[in-house]
Amino acid sequence: MPSAPLSDILVPWYRQFARDLPWRRDGFGAWGTLVSEFMLQQTPVARVIPLLEAWLARWPTPTDLANAAPGEAVAAWANLGYPRRALWLHRAAVEIRDRHNGVVPREVDQLLALTGIGDYTARAVAVFAYGDHHPVVDTNTRRVMARALSGRAHPGAAHKRDLEQMAALLPDDRAESALMNAAVMELGQVICTARSPKCGDCPIRDACAWVAAGSPATEDTRRKQAKYEGSDRQARGAVMKALRAAAPDPLPRAALLVDWHDLEQRERALISLENDGLIEPDGELVGLPTR
DNA sequence: TAAGCGTGGAG
DNA sequence: TCTCCAAGCTT
């Protein structure tokens with residue numbers, strides 16, 4: 001006898017237990033969804049929420065952001081991390097203003113063409129903002145699928161194939177399929193977590209291949225994060241933190257990383273930040289980008 | 001394809 | 001204390 005589709009279990013579970021998050025409220029809008037997705041790329045929900053609300057109050061439309069200086073966006077990004085995302089979000093806003101009459105596009109191909117938007121974010125906007133029928137695959141989704149469908153403890157490297165695997169789990173109905181995408185992500189975030197999954201609370205444990213196999217500790221092929229202490233990233237972070245604090249004023253080049261012991265690394269950080277467009281030299285001064 | 005890219009909370 | 005990890009994207 002065939003078992004019920006997972007969506008028959010997960011969609012009702014999601015309706016009952018989904019957390020009340022700002023971007024899930026009615027009328028949040030495509031721009032709000034887009035900004036939230038940029039901020040949520042590798043940054044935890046709790047840190048995003050307050051900054052997201054401030055961001056949208058300041059720049060309620062893509063055109064509002066596009067008309068601001070990129071450095072304002074970088075400064076407002078505050079401690080969200082990966083400040084290139086602020087720059088990319090600003091560029092995407094400019095592209096939306098110039099190519100889409102200030103309206104966040106609905107088509108996945110058009111979304112993918114925007115700066116800083118990849119397979120996940122494009123489909124997240126199309127599905128969560130516009131309610132269209134696409135598979136949305138993030139790291140939570142891939143972990144849930146690895147366990148429930150493949151019986152592995154960890155997902156492998158991201159692959160296009162993941163989209164097809166998720167698409168096969170979606171019900172035909174558009175609204176239901178959007179909920180299923182959200183439900184799988186939610187399950188991965190609150191139940192089927194990376195470190196200590198709460199299998200006792202899982203609504204699909206009876207259908208889970210990993211549980212059925214005895215929850216084996218299978219090989220973890222994920223790439224380990226490079227050491228942060230003493231890294232170039234840490235040096236870049238220190239520069240950006242100082243410039244955010246001084247903004248909108250620039251700082252003397254000599255004042256940046258003044259305590260940094262490794263002068264070569266200091267130069268490397270400044271050069272790479274300039275190459276990324278995150279800082280702008282102006283004689284002896286260095287500031288956030290003005291255009 | 002794999003490396004590079006921030007920040008801070010949780011276990 | 002310290003390692004792990006968090007709604008990825010670009011090159």
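A note on names: the letters A, B, ... follow the listed sequences, proteins ahead of strands, and every chain is numbered from 1. Quantities reported herein were computed from a predicted structural model and do not represent experimental measurements.
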Taking [atom1] from [X] and [atom2] from [N], how many angstroms apart are they, rounded to a whole number?
X	N	atom1	atom2	value
A:L40	C:dC9	CG	P	12 Å
A:I279	B:dG6	CD1	P	12 Å
A:Q42	C:dC5	CD	P	12 Å
A:K224	C:dA6	NZ	P	15 Å
A:Q41	B:dG6	CD	P	13 Å
A:W77	C:dG8	CH2	P	12 Å
A:R233	B:dA3	CZ	P	13 Å
A:K227	B:dT7	NZ	P	18 Å

So which protein N/O to nucleotides 8-11 of chain B N/O distances come out below 3.5 Å?
from, atom 1, to, atom 2, distance (Å)
B:dG8, O4', A:R47, NH2, 3.4

Next item on the list: Indicate whether OP1 or OP2 belonging to B:dG6 is found under 4.0 Å from a side-chain N or O atom of A:R236.
Entry: yes

Margin query: Does C:dT10 have OP1 or OP2 under 4.0 Å away from a side-chain N or O of A:R91?
Written below: no

Check: Would you call A:R123 and A:E37 a salt bridge, using N to O less than 4.0 angstrom?
Finding: no

Looking across every strand, which nucleic acid part, if any, lies under 4.0 Å from [X] by heavy atom: base, sugar-phosphate, or nothing?
X	answer
A:R222	sugar-phosphate
A:D119	sugar-phosphate
A:Y228	base
A:T139	sugar-phosphate
A:Q189	base
A:L80	base
A:R244	sugar-phosphate
A:A194	sugar-phosphate
A:T121	sugar-phosphate

Margin query: Could you check whether the side chain of A:R223 and the base of B:dG4 have a donor-acceptor pair of N or O atoms closer than 3.5 Å, going by distance alone?
Written below: yes

Note to self: Would you call the rings of A:F17 and A:W13 parallel, tilted or perpendicular, taking 30° and 60° as the class edges?
What the structure shows: tilted

Note to self: Which is more 5' along DNA chain B, the nucleotide nearest A:W88 or the one nearest A:M240? Just name the residue.
What the structure shows: A:W88

Next item on the list: Return the 5'-most residue of the pair A:E37, A:L114 with respect to DNA chain C, ranking by each residue's nearest nucleotide.
Entry: A:E37

Note to self: Test of understanding: with ring pair (Phe, Tyr, Trp, His ring centres under 6.0 Å), list the residues that count as partners of A:W88, not counting sequence neighbours.
What the structure shows: none

Is it true that [Y] and [X] share a donor-acceptor pair across their side chains at a distance under 3.5 Å?
X	Y	value
A:R85	A:T43	yes
A:R222	A:H154	yes
A:R97	A:N67	yes

Check: ring pair (Phe, Tyr, Trp, His ring centres under 6.0 Å) between A:W55 and A:W77: does it pass, once the steps are laid out?
Finding: CA-CA 8 Å; A:W55 188 283; A:W77 200 253; 5.7 Å; yes

Notebook entry, point to check: If you measure from the P atom in C:dT11 to the same atom in B:dG6, how many Å do you get, rounded?
Noted result: 14 Å

Check: Of the non-hydrogen atoms in A:A76 and A:R58, which two are nearest, and what is the gap between them?
Finding: CB-NH1, 3.8 Å

Item checked: Proximity to the side chain of A:Y120 - top-ranked nucleotide from C:dG8, C:dC4, B:dG6 -> C:dG8

Check: Under a single-linkage rule joining Ile, Leu, Val, Met, Phe, Trp and Tyr whose side-chain heavy atoms are separated by less than 4.5 Å, which residues share a cluster with A:Y82?
Finding: none

